[in-house]
Amino acid sequence: MTTIHTMTLAELAQGLNKKTFSSVELTNHFLDRIRRFDKIYNSFITVTEDTALAKAKQCDALRAQGKAKPLTGLPIAHKDIFCTKHIKTSCGSKMLDNFIAPYDATMVTQVDDAGMVMLGKTNMDEFAMGSSNETSYYGPVKNPWDPLRVPGGSSGGSAAAVGARLVPCSTGTDTGGSIRQPAALCGVTGLKPTYGRVSRYGMIAFASSLDQAGPFAQTAEDVAMLLNAMAGFDPLDSTSVDLAVPDYTKNLKASLSGKVIGVPKEYFDKGLDKKVEACVQDALRVFEKLGAKIQEVSLPSSPLSISVYYVVASAECSSNLSRYDGVRFGYRCQNPVDLTDLYKRSRAEGFGDEVKRRIMVGTYVLSAGYFDAYYLKAQKVRKLISEDFKRAFETVDFLLGPTAPTPAFKIGEKADDPVSMYLSDIYTIATNLAGLPGLSIPAGFVNELPIGIQLTGKHFDESTLLNAAFQYQQETNWHKQIPENCL
Ligand code: GLN
């Protein structure tokens, strides 16, 4: 029997419309699952039971008056990087363990206005720096497919919570892969929209030229429904783009006949697990069956993307994180002897190791004497990476490849080797450097662990990606697989 938590967002919306259940019942069902199972997964930092039930009640009343919108009464969880008024926003850090934001992030307001019910805030790598969720001050998140393994990061809590069916959908942020990589490792669908598509206002900054918010859900259709609510111009975000928001659910059923899919040859290098590669090849056959044509393309600068990213992202984070000084908000050390001591100890005690590593790298590459050799050079290579994509998109409609080189690795396996950890984003990072949209969808299992394929599109062409993913999900059932202990 289909139980509530195995249903997609679209199915839950129908159930609410048909009065099979109320929003209060739905909310209680998922809150109960969080209470029972999140002891294992640790995917939530804060559960907002009271406000959720109050909102669900309001939603049921609106529905009774005939005023329900497509997402009214449906549960969601937000990554704990989005500011939420009167509710703790920790960003996975001791630094912000005591931080209660005085306002909501624009994206949180949009989702709230669309009628969704927030169940809580999800666990994440500290300041979104990581690929395994092991850098969180609140402890690691466990992968629902194998609790000894990582869920990916940095939005690992959001991906694991959907994977374990503790919530039907969630939000995350992606600076170098943090929506797509955990989506792949947890067997869910996750979209990083085009840079500028979703507001960054009230989303705690890591690397401002790369950060972008996006949704996690079970299917491309659900993601399209969510993007309808999240996308749009925001005058409060100077990098938000003033472009009409299409109805992302409209184009899902379009035929793929004649579409050209580019397969970047650089993505099939020696770092890619052979079994993951076989799944990608199988997926390409499905797309061919759907009428698409496959064409090899080259992104010659893409092997440089990790190096460029760790210069650019670290530089930006060293600047963004200078605001945490123990003075205005966040952690403050005990009994400082003077101002310098206050700064030094508040930062030394409030930040974890990975965050400090990034701040030091960033400060170094921006310092006089090194700026030209590192930061400036990285910006130049970033431009080459963008041009590679531009060239590829002259002949193809979208790109397809693996999301991550391997399935989920063991907790602790890469913790002492940051560079090997950084390599898990090898296929996702270039997308951020070029500001393009990227979508990860489940595409098979390797050693009983889910893996994902990544679809990369032209700027603001999320519709093409969602259409292709929707069609693929009509032909396959990888996205319907649920860990046995979560049924
Ligand atoms: N894993 C990458 C990092 O640690 C990307 C993180 C992200 O996308 N927020 O920087």
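Looking at every heavy atom in both residues, I385 comes nearest to L304 through CD1-C, 4.4 Å. Here the shortest heavy-atom pairing between Y41 and F37 reads CD1-O, 3.3 Å. P144 and C486 make their closest contact through CB-SG, 4.4 Å (heavy atoms, listed as atom of the first residue, atom of the second, distance). Heavy atoms only, all atoms of each residue included: V141 and A160 are closest at CG1-CB, 3.6 Å. Nearest heavy-atom pair, L185 versus A404, reported as atom, atom and distance to 0.1 Å: CD1-CB, 4.2 Å. Of all heavy-atom pairs spanning P182 and G152, the tightest one is CB-C, 3.9 Å.
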(message) Between Y472 and W478, does the ring-ring contact (aromatic ring centres under 6.0 Å, His included) criterion hold? Intermediate values first, please.
(response) CA-CA 10 Å; Y472 177 80; W478 303 120; 8.4 Å; no

(request) Report the C-alpha distance between K94 and D97 in whole Å, list the side-chain angles of each, state the deciding distance to 0.1 Å, and finish with yes or no for salt bridge (charged side-chain N to carboxylate O under 4.0 Å, His left out). (result) CA-CA 5 Å; K94 178 178 177 185; D97 183 45; over 6 Å; no

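Side-chain contact of E266 with S298: a donor-acceptor pair under 3.5 Å is present, judged by distance alone. No side-chain N or O of D112 forms a donor-acceptor pair with one of T109 less than 3.5 Å apart. A donor-acceptor pair shorter than 3.5 Å cannot be found between the side chains of T84 and D104. Side chain to side chain, H78 and T171 meet the donor-acceptor criterion of an N or O pair below 3.5 Å. N123 and S136 form a side-chain donor-acceptor contact under 3.5 Å, judged by distance and modelled atom types alone. Side-chain atoms of D234 and S240 form no donor-acceptor pair, as typed in the model, at a separation below 3.5 Å. With no hydrogens or angles considered, a side-chain donor-acceptor pair links S132 and E134 at under 3.5 Å. Under 3.5 Å, the side chains of D273 and T406 contain no donor-acceptor pair of N or O atoms. No side-chain donor-acceptor contact under 3.5 Å links Q110 and S199. Side chains of T464 and N467: no donor on one and acceptor on the other come within 3.5 Å. With no hydrogens or angles considered, a side-chain donor-acceptor pair links D211 and T175 at under 3.5 Å.
Listed by first and then second residue, the side chain to side chain donor-acceptor pair (under 3.5 Å) pairs involving residues 331-342 are Y331-E349, D341-R345 (not counting sequence neighbours). Note on residues 149-166: pairs passing side chain to side chain donor-acceptor pair (under 3.5 Å), not counting sequence neighbours, are K79-S154, K79-S155, T122-S158, D146-R149, S154-S178. The salt bridge (charged side-chain N to carboxylate O under 4.0 Å, His left out) pairs that include a residue from residues 308-325 are D325-R328, where partners are two or more places apart or lie in different chains.
A donor-acceptor pair under 3.5 Å links the side-chain atoms of H459 to the main chain of A434, judged by distance alone. A donor-acceptor contact shorter than 3.5 Å is absent between the side chain of T194 and the backbone of R197. Of the possible polar contacts, none joining the D222 side chain to the A217 backbone as a donor-acceptor pair under 3.5 Å is found. One N or O on the side chain of N143 and one on the backbone of V150 form a donor-acceptor pair closer than 3.5 Å. Looking only at distances, a side-chain donor or acceptor of K192 sits under 3.5 Å from a matching main-chain atom of L436.
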Counting only pairs under 3.5 Å, give me each side-chain donor-acceptor contact of residues 351-361, with atom names and distances, residues two or more places apart or in other chains.
{"residue": "E354", "atom": "OE1", "partner": "R357", "partner atom": "NH1", "Å": "2.2"}
{"residue": "E354", "atom": "OE2", "partner": "R358", "partner atom": "NE", "Å": "2.7"}
{"residue": "E354", "atom": "OE2", "partner": "R358", "partner atom": "NH2", "Å": "3.1"}
{"residue": "E354", "atom": "OE2", "partner": "Y422", "partner atom": "OH", "Å": "2.7"}
{"residue": "K356", "atom": "NZ", "partner": "A348", "partner atom": "O", "Å": "2.7"}
{"residue": "K356", "atom": "NZ", "partner": "F351", "partner atom": "O", "Å": "3.3"}

Side-chain polar contacts of residues 447-457 - donor-acceptor pairs under 3.5 angstrom, sequence neighbours left out - could you list them?
{"residue": "N447", "atom": "OD1", "partner": "K275", "partner atom": "NZ", "Å": "3.0"}
{"residue": "Q454", "atom": "OE1", "partner": "R180", "partner atom": "NH1", "Å": "2.6"}
{"residue": "Q454", "atom": "NE2", "partner": "Y427", "partner atom": "O", "Å": "2.8"}

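The structure places OG of S208 at 9.5 Å from CG of D237, a figure rounded to the nearest 0.5 Å.
Taking a cutoff of 4.0 Å between a charged side-chain nitrogen and a carboxylate oxygen, D417 and K414 do not qualify as a salt bridge. The pair D80-K88 does not meet the salt-bridge criterion, since no charged nitrogen lies less than 4.0 angstrom from a carboxylate oxygen. The residues E387 and K390 are annotated as not salt-bridged, no charged nitrogen and carboxylate oxygen being separated by less than 4.0 angstrom.
When the shell of 6.0 Å around NZ of K344 is examined, it contains 12 or fewer heavy atoms from other residues, nucleotides or ligands.
In this structure, F371 and Y375 have tilted ring planes: the angle between them lies in the 30° to 60° band. Ring geometry for F329 against F99 counts as tilted: the plane angle lies between 30° and 60°, on a 0 to 90° scale.
Under the ring pair (Phe, Tyr, Trp, His ring centres under 6.0 Å) criterion, Y364 pairs with Y370, Y374, sequence neighbours left out.
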